[in-house]
Participant: 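First the structure, then my questions, so here it is.
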Amino acid sequence: KADIEKKDYVFHLLRTHFKFEDRHIAQIEPIFTSATPSEVLLKLMQLSEFCNKEASNITDITGYILKSLLNEFDNPLKF
């Protein structure tokens, strides 16, 4: 139950802070089969901090966050 609440919280953060829409959420939802919501949340905090520092260099924050999460957690070659 706590993991479901954390997962919902991650989705809430993505929608409110990174302008994620349903289509973006659908793309990252499968990562929760291999990663815990806590792992995703930690990565999201790191990405948020990076984006705040590099905001002028990132033109598509939503796309950047989406691709970063997929690269981190949806890579079948990652050990």
Side-chain angles (χ1 to χ4, degrees):
K1 181 175 161 75
D3 273 355
I4 292 171
E5 289 175 4
K6 283 184 183 176
K7 184 176 162 184
D8 289 343
Y9 181 64
V10 169
F11 291 152
H12 170 74
L13 289 176
L14 290 169
R15 289 180 197 280
T16 56
H17 294 284
F18 302 108
K19 299 179 174 75
F20 269 50
E21 297 173 359
D22 289 342
R23 62 190 170 97
H24 301 117
I25 298 293
Q27 286 181 287
I28 66 148
E29 196 152 13
I31 69 174
F32 288 98
T33 59
S34 62
T36 67
S38 295
E39 292 171 322
V40 176
L41 191 56
L42 177 62
K43 183 64 177 179
L44 196 54
M45 286 190 277
Q46 293 168 345
L47 289 169
S48 177
E49 189 175 311
F50 178 79
C51 287
N52 286 338
K53 290 179 187 172
E54 300 292 328
S56 61
N57 296 327
I58 303 171
T59 56
D60 178 13
I61 299 278
T62 304
Y64 181 82
I65 298 291
L66 177 65
K67 187 68 173 167
S68 297
L69 290 173
L70 291 174
N71 284 343
E72 179 75 18
F73 298 109
D74 195 34
N75 186 348
L77 301 177
K78 186 179 179 200
F79 295 99

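Remember, predicted model here, so these are calculated numbers, not experimental data.
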Participant: To the nearest 0.5 Å, what is the distance between CG (Leu41) and OG1 (Thr36)?
Facilitator: 9.0 Å
Participant: Got a sec, which pairs hit salt bridge (Lys or Arg N to Asp or Glu O under 4.0 Å) with one end in residues 53-63, sequence neighbours left out?
Facilitator: Glu49-Lys53
Participant: Would you mind listing every salt bridge (Lys or Arg N to Asp or Glu O under 4.0 Å) that reaches into residues 28-40, with sequence neighbours excluded?
Facilitator: Lys7-Glu29
Participant: Could you tell me which non-hydrogen atom of Phe18 sits nearest to which non-hydrogen atom of Thr62, and how far apart they are?
Facilitator: O-OG1, 2.6 Å
Participant: Hey, what do you get for CD1 (Ile28) to OG (Ser68), rounding to the nearest 0.5 Å?
Facilitator: 11.5 Å
Participant: So which pairs with a foot in residues 9-20 pass side chain to side chain donor-acceptor pair (under 3.5 Å), sequence neighbours left out?
Facilitator: Arg15-Asp22
Participant: When rounded to the nearest 0.5 angstrom, what is the spacing between CG in Leu47 and CG in Leu14?
Facilitator: 10.0 Å
Participant: With sequence neighbours left out, what residues match Ser38 under side chain to side chain donor-acceptor pair (under 3.5 Å)?
Facilitator: Lys6
Participant: So which heavy atom on Val10 is nearest to which on Pro37, and how close?
Facilitator: CG2-O, 4.0 Å
Participant: Who pairs with Phe32 by ring-ring contact (aromatic ring centres under 6.0 Å, His included), at least two apart in sequence or on another chain?
Facilitator: Phe11
Participant: Could you tell me the separation between the CG atom of Leu70 and the CD1 atom of Ile65, rounded to the nearest 0.5 Å?
Facilitator: 11.5 Å
Participant: How long is the gap from CG on Leu44 to CD on Glu72, to the nearest 0.5 Å?
Facilitator: 11.5 Å
Participant: Looking at side-chain heavy atoms only, is the closest gap between Ile58 and Phe50 below 4.5 Å?
Facilitator: yes
Participant: Could you tell me which residues satisfy side chain to side chain contact (heavy atoms under 4.5 Å, CB included) with Glu21, sequence neighbours excluded, listed by chain and number?
Facilitator: Arg23, His24
